[in-house]
Amino acid sequence: MAQALIEADAREYPRSRVEPILKALSDLPPEPGWFTKTYCKEARFFLPKNGARIESIRNAIEKDFSDEPILKAILLTSLLLAADKVDSTTGVQMAYLKEWAPRAFNDLKLEYPPLLPGPGRALLGDALDLVEGIEADLFYLDPPYNQHSYLANYRIWETLVLWDKPETYGIAKKRLDVRLRKSAFNSKRSVKEALEKVLSRIKAPHVLLSFNNEGFLSPEAIEEMLKEWGYTAKLSRPHRRYIGSVIGIYNPKGEKVGMVSHTQNKEFLFVATQQRRVFEEIKSIAELQPA
């Protein structure tokens, strides 16, 4: 997605170039195979009618566009966004719904992604390593807040992009590497040291850091880490929690076994800057924020 939405230049990949390709991909006949069997029949994340179309489109992208990585990324992003609109989950992919979601019955529809004019640069890797070689005007950090990994929450998109037919486990057919690929940011024991290392290696005058009040780190701990930047401010706002907190807690049989504790949390945006003028502007905004 970063290759498509950040690196790709919309002037080089306009609608007139991309939409005919999307139309040709959309017209392909369904091609049920491993993906349809795994994520439509053994686990019910998509209706088979959409799973088989996802599969035929993905096979064609791999066969015909692997030698054009940016165009391939654009087409994959279109497919991912289309699949996201017809899945049967509450948003993340830890499990599928007991009954089909109404949107799952819609037909898969490929659309031109929201590309931006101008080139960019997308990097893939461990933040602890990548940060060493980057200089920028501003860094925005959005680390995991707790033990729930992005790989586990969005693992079907990982499979859709890698197209590697991974070994799976459990009722929800999770990728085996969910158990193996661990992040220091998903561990209460190691998250503080990991974040401190990233912050210490940043080469920029400004940093934005997103977190919330249900994460492993307290707001006070984060503010302490940012002190060396010179000026720091904290903005906050209430935010609706993940939908699972609204519908309750269920066991593997689909039986409700828990109650809803609260439906909102507090999202924080920490601003660290080396420039007093920027700090004063941010501070004036922060003072207007609800407590």
Side-chain angles (χ1 to χ4, degrees), residues 1-31 33 35 46 50-87 91 93 103 106-143 150-151 153-166 198 201-210:
M1 292 187 74
Q3 282 184 294
L5 304 182
I6 296 173
E7 190 163 338
D9 186 339
R11 297 169 300 185
E12 186 177 350
Y13 298 95
R15 287 180 177 271
S16 59
R17 178 180 178 184
V18 177
E19 286 187 336
I21 300 173
L22 295 176
K23 173 67 166 57
L25 292 171
S26 295
D27 290 342
L28 292 172
E31 194 174 300
F35 186 89
F46 305 94
N50 283 323
R53 290 192 61 215
I54 291 171
E55 195 149 8
S56 65
I57 292 167
R58 183 61 185 88
N59 283 334
I61 292 173
E62 192 67 21
K63 176 177 176 289
D64 298 331
F65 299 97
S66 287
D67 59 342
E68 299 181 71
I70 298 300
L71 179 56
K72 180 180 180 181
I74 293 169
L75 301 177
L76 285 177
T77 296
S78 176
L79 179 58
L80 189 154
L81 294 174
D84 188 47
K85 293 179 180 179
V86 296
D87 71 351
Q93 297 164 348
R103 69 183 184 195
N106 296 331
D107 291 329
L108 185 83
K109 183 180 179 182
L110 297 181
E111 297 180 334
Y112 180 77
L115 305 186
L116 297 172
R121 183 179 175 210
L123 302 173
L124 174 64
D126 190 319
L128 289 164
D129 300 324
L130 289 178
V131 71
E132 292 272 23
I134 303 173
E135 292 188 29
D137 295 321
L138 179 147
F139 273 71
Y140 171 64
L141 307 179
D142 185 17
Y150 295 152
L151 175 60
N153 283 345
Y154 304 106
R155 57 196 167 72
I156 296 179
W157 304 149
E158 183 83 350
T159 298
L160 192 60
V161 170
L162 294 180
W163 209 233
D164 55 353
K165 299 181 181 179
V198 170
R201 296 172 182 176
I202 285 177
K203 302 177 184 71
H206 314 289
V207 171
L208 302 180
L209 172 62
S210 175

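Values below: all heavy atoms of this structure, side chains included; hydrogens, waters and symmetry mates excluded.
- Remark: the backbone N or O of E111 is paired with a side-chain donor or acceptor of S78 at under 3.5 angstrom.
- For the atom pair CG of D9 and CG of L115, the computed distance is 9.0 Å after rounding to the nearest 0.5 Å.
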Inset, instruction - I would like to know whether Y150 and D142 meet side chain to side chain contact (heavy atoms under 4.5 Å, CB included); could you show each step before the answer? - result: CA-CA 11 Å; Y150 295 152; D142 185 17; 4.1 Å; yes
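- Looking at heavy atoms from C-beta onward, F35 lies in side-chain contact with L160 at the 4.5 angstrom threshold.
- For the atom pair Q3 CD and E7 CD, the distance stands at 5.5 Å (nearest 0.5 Å).
- Side-chain contact between L128 and V198 is present, with heavy atoms from C-beta onward closer than 4.5 Å.
- When side chains are defined from C-beta on, L108 does not count as touching S26, because their heavy atoms never get closer than 4.5 Å.
- In this structure the side chain of I156 never reaches within 4.5 angstrom of the side chain of D87, judged on heavy atoms.
- Of all heavy-atom pairs between I57 and L25, the closest is CG1-O, 3.4 Å.
- Between L151 and E158, the closest side-chain pair of non-hydrogen atoms falls below 4.5 Å.
- Look at D67 and K72 and you find no salt bridge, because none of the NZ, NE, NH1 or NH2 atoms lies under 4.0 Å from a carboxylate O.
- Pairing each heavy atom of A4 with each of I74, the nearest pair is CB-CA, 3.9 Å.
- Of the possible polar contacts, none joining the N50 side chain to the A83 backbone as a donor-acceptor pair under 3.5 Å is found.
- Looking at every heavy atom in both residues, F46 comes nearest to V86 through CD2-O, 3.9 Å.
- The existence of a salt bridge linking E62 and R58 is confirmed by a sub-4.0 Å separation between a basic side-chain nitrogen and an acidic carboxylate oxygen.
- Rounding to the nearest 0.5 angstrom, the gap separating the CD atom in Q93 from the CG atom in D84 is 8.0 Å.
- Taking a 6.0 Å sphere around NZ of K109, one finds it holds 12 or fewer heavy atoms contributed by other residues, nucleotides or ligands.
- Listed here is the closest heavy atom pair of L22 and L110: O-CD1, 3.7 Å.
- With a 4.5 Å cut-off on side-chain heavy atoms, L81 and M1 count as touching.
- Closest approach of W157 and L80 over heavy atoms only: CB-CD1, 3.8 Å.
- For the pair D164 and T159, the minimum side-chain heavy-atom distance is below 4.5 Å.
- Atom CG of D27 has more than 12 neighbouring heavy atoms from other residues, nucleotides or ligands inside a 6.0 Å radius.
- A distance-only check finds a donor-acceptor pair linking the side chain of N59 to the backbone of E55 [under 3.5 Å].
- Taking CG from L71 and CD from E12, the interatomic distance works out to 9.5 Å, rounded to the nearest 0.5 Å.
- A pairwise comparison of heavy atoms in I6 and R121 identifies CG2-O, 3.8 Å as the closest pair.
- Salt bridge R17/E68: present, at least one basic N to carboxylate O contact under 4.0 Å.
- Residues I134 and K203 have side chains not in contact (no heavy-atom distance under 4.5 Å, counting atoms from C-beta outward).
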